[in-house]
Amino acid sequence: MNAEQTLIFKDKEYLREQIFNILSFYYPKCIDKKNGGYINGFLRDGTIMDEETKHLVGTSRFIYIFSLGALLDGPAWCKKAAHHGLQFLEDYHRDKENNGYFFELENQEVVDSSKQAYGHAFALLASSIALQAGIPGAGDVVNNLFSITEQYFYDSKYGYYMEEWNEDWTKSSSYRGQNANMHMCEALLTAFEATGDEKYINRAYHLARRVTGELAEQTGGMIWEHFKEDWTPDWEYNKMDTKDEFRPYGFVPGHQIEWSKLLLWLDRHKSEPWMLSRSKELFLTAWKRAWDQSFGGMYYSLSPEGTVIDHDKNYWVMAEIIAASSLLATKTGEDSFWDYYNETFSYCNEHFIDHTYGAWYPLLSEQNKPYSEEKSSAPKTDYHPASACYQVMRALSFL
């Protein structure tokens, strides 16, 4: 890694180019002109491998990245593509009888009618960034989603979001998870920036303080993934299943990093000293325990005792390191965080970013080898690296 390379990772046009290289990989072939919404499944070279799956998270993430394109003064198709997805979200994901949003469709048919906090968090995130980008109708979607999450998901007794309901809101799951609460925090921060309404930032603050404080204190300082109904740790849930898309087992270093980012995002609007100290602690603990000193990249999962149990390298983890380290570097003025940033971006540039076809590889082995020709399946959409580059641009005051 040379000095010229490290400079380019902080260049405004380079960061912007990273986002539009992702958008150009997906557009226009991701636009489903027959059924509406987006096509989610692609091989490395962009060949479509799945035309049918319509995932609430995938739909929301596509709306998000195209809205980013619009915010960055991209081509007119960015705004059009975001609006296309928002319409599908309302026409087909939304349950017009019971309200709420179905988790998964095949074309236009519901195949998973559950109502999940994780999916609603991404729908709130997507509609909030769409509102910022001036996408028609986004404001009404934001208001409806917050109303739903308040009515059904937010548990005022414990101060966290519940996880899952059935279709007509008559039966809820006893499972509790930090992941949905983390993404609700992200969505609430975005909703605040879109609307200026204090209710969003106040709830984001509440979540961030309690998850990174009270929950983490139960488990030695790092944030465990799974909890029982009373929010005590569930050490047995999905035991050793580190590949569950939404509920992976273990301490996930990438989620410690993601909370580090969220704390400094919150700090922009409601700064308190504990936010920076906790952000640094979460980031540095994850780096120390999970960065691969031999092959580069961050391991995916740690056991309750802190040993590595999943040595794979996941694209979204690296993207979150890029975002969090840039926020820490600009907040603290400490060059060490730019070192983490440059090391991670250089690693991604070499191993994760597909310089031939665009977008990022999803998953690599410990030795940084792809497992297949699959580039993207629902709900990937490269939201994480696009979002990370956007956060870096914000941290460097390019926006």
Side-chain angles (χ1 to χ4, degrees), residues 25-43 46-67 80-130 135-138 140-142 144-145 147-149 152-153 163-173 175 177 179-180 183-184 187 244-247 362 374-384:
F25 173 80
Y26 289 106
Y27 185 86
K29 55 185 174 285
C30 74
I31 303 296
D32 189 338
K33 296 179 180 178
K34 179 182 177 182
N35 292 293
Y38 307 105
I39 292 169
N40 276 251
F42 300 94
L43 298 177
T47 301
I48 294 171
M49 66 177 187
D50 178 2
E51 294 187 3
E52 296 182 344
T53 303
K54 313 288 187 186
H55 200 289
L56 177 58
V57 178
T59 297
S60 299
R61 287 175 173 180
F62 268 125
I63 295 167
Y64 180 92
I65 64 172
F66 287 124
S67 295
K80 184 177 179 182
H83 186 242
H84 173 82
L86 196 69
Q87 286 181 308
F88 188 82
L89 183 75
E90 290 301 287
D91 290 345
Y92 296 101
H93 279 292
R94 185 176 174 187
D95 182 347
K96 294 178 178 61
E97 182 177 347
N98 302 296
N99 209 353
Y101 292 77
F102 299 125
F103 202 58
E104 191 171 340
L105 315 176
E106 282 187 8
N107 297 319
Q108 298 174 353
E109 300 300 317
V110 178
V111 294
D112 184 347
S113 64
S114 65
K115 309 289 173 61
Q116 299 198 26
Y118 186 91
H120 284 70
F122 270 100
L124 179 58
L125 173 74
S127 54
S128 296
I129 202 81
I135 308 303
D140 290 339
V141 182
V142 171
N144 183 52
L145 275 156
S147 175
I148 292 165
T149 58
Y152 295 109
F153 290 110
E163 192 74 21
E164 183 177 347
W165 289 85
N166 63 347
E167 180 176 345
D168 64 359
W169 307 103
T170 57
K171 185 178 181 181
S172 64
S173 167
Y175 171 80
N179 199 4
H183 283 290
M184 278 300 306
D244 189 293
E245 179 76 23
F246 308 114
R247 302 176 187 179
E374 181 181 300
K375 174 66 69 62
S376 186
S377 59
K380 179 174 175 263
T381 81
D382 287 70
Y383 134 84
H384 280 279

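None of the values given here were measured: they were computed from a predicted structure. Positions are given from 1, in the same order as the sequence printed here.
For the pair V57 and G119, the tightest heavy-atom approach, listed with the atom from each and the gap, is CG2-CA, 4.0 Å. Minimum heavy-atom separation, S377 to M49: CB-CE, 3.7 Å. In this structure, E245 and P379 approach most closely via the heavy-atom pair OE2-CD, 3.6 Å. The minimum heavy-atom distance linking V110 with F102 is given by the pair CG2-CD1, 3.4 Å. Shown here for I135 and A82, the closest heavy-atom pair between the two residues is CD1-CB, 3.9 Å. Scanning all heavy atoms of the two residues, the minimum distance from F25 to L43 falls at CZ-O, 3.7 Å.
To the nearest 0.5 Å, the span separating OH on Y383 from CD1 on I63 amounts to 13.5 Å. Remark: H83 NE2 to S67 OG distance equals 10.5 Å, nearest 0.5 Å. Separating the CG atom in N98 from the CD atom in E167 is a distance of 6.0 Å, to the nearest 0.5 Å. The CG atom of L56 sits 10.5 Å away from atom CZ of R61, with the distance rounded to the nearest 0.5 Å. To the nearest 0.5 Å, atom CD1 of residue I48 and atom CZ of residue F42 are 5.0 Å apart. Note: S60 OG to L145 CG = 8.0 Å, rounded to the nearest 0.5 Å.
Inspection of the Y38 and T381 side chains reveals no N or O donor paired with an N or O acceptor under 3.5 Å.
Residues satisfying the salt bridge (Lys or Arg N to Asp or Glu O under 4.0 Å) test with E104, not counting sequence neighbours, are none. Evaluation of the ring pair (Phe, Tyr, Trp, His ring centres under 6.0 Å) rule for F88 yields Y92, H93 as partners, not counting sequence neighbours.
Checked against F246 for a ring-ring contact (aromatic ring centres under 6.0 Å, His included), the options Y175, F122, F103 give a single hit: F103. In summary, of the residues considered (T59, L124, N144), a side chain to side chain contact (heavy atoms under 4.5 Å, CB included) with Y101 occurs for N144 alone.
Between E164 and R247 there is a salt bridge, since a side-chain N of the basic residue sits under 4.0 Å from a carboxylate O of the acidic one.
For the pair H84 (side chain) and G37 (backbone), a donor-acceptor distance under 3.5 Å is present. Within the 3.5 Å criterion, the main-chain N or O of G100 finds no donor-acceptor partner in the side chain of H120. The backbone N or O of E52 sits less than 3.5 Å from a side-chain atom of D50, completing a donor-acceptor pair. Remark: side-chain polar atoms of K115 are not paired, donor with acceptor, to backbone N or O of D168 under 3.5 angstrom. Side chain of W169 to main chain of Y152: no donor-acceptor pair is present (N/O by atom type, distance under 3.5 Å, no hydrogens or angles).
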**Message:** If you apply the rule side chain to side chain contact (heavy atoms under 4.5 Å, CB included), what do you find for E90 with V141, and how did you get there?
**Reply:** CA-CA 8 Å; E90 290 301 287; V141 182; 3.6 Å; yes
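Residue pairs that meet the salt bridge (Lys or Arg N to Asp or Glu O under 4.0 Å) test with at least one member in residues 28-43, sequence neighbours left out, are D32-K54.
Looking at heavy atoms from C-beta onward, I65 lies out of side-chain contact with D382 at the 4.5 angstrom threshold.
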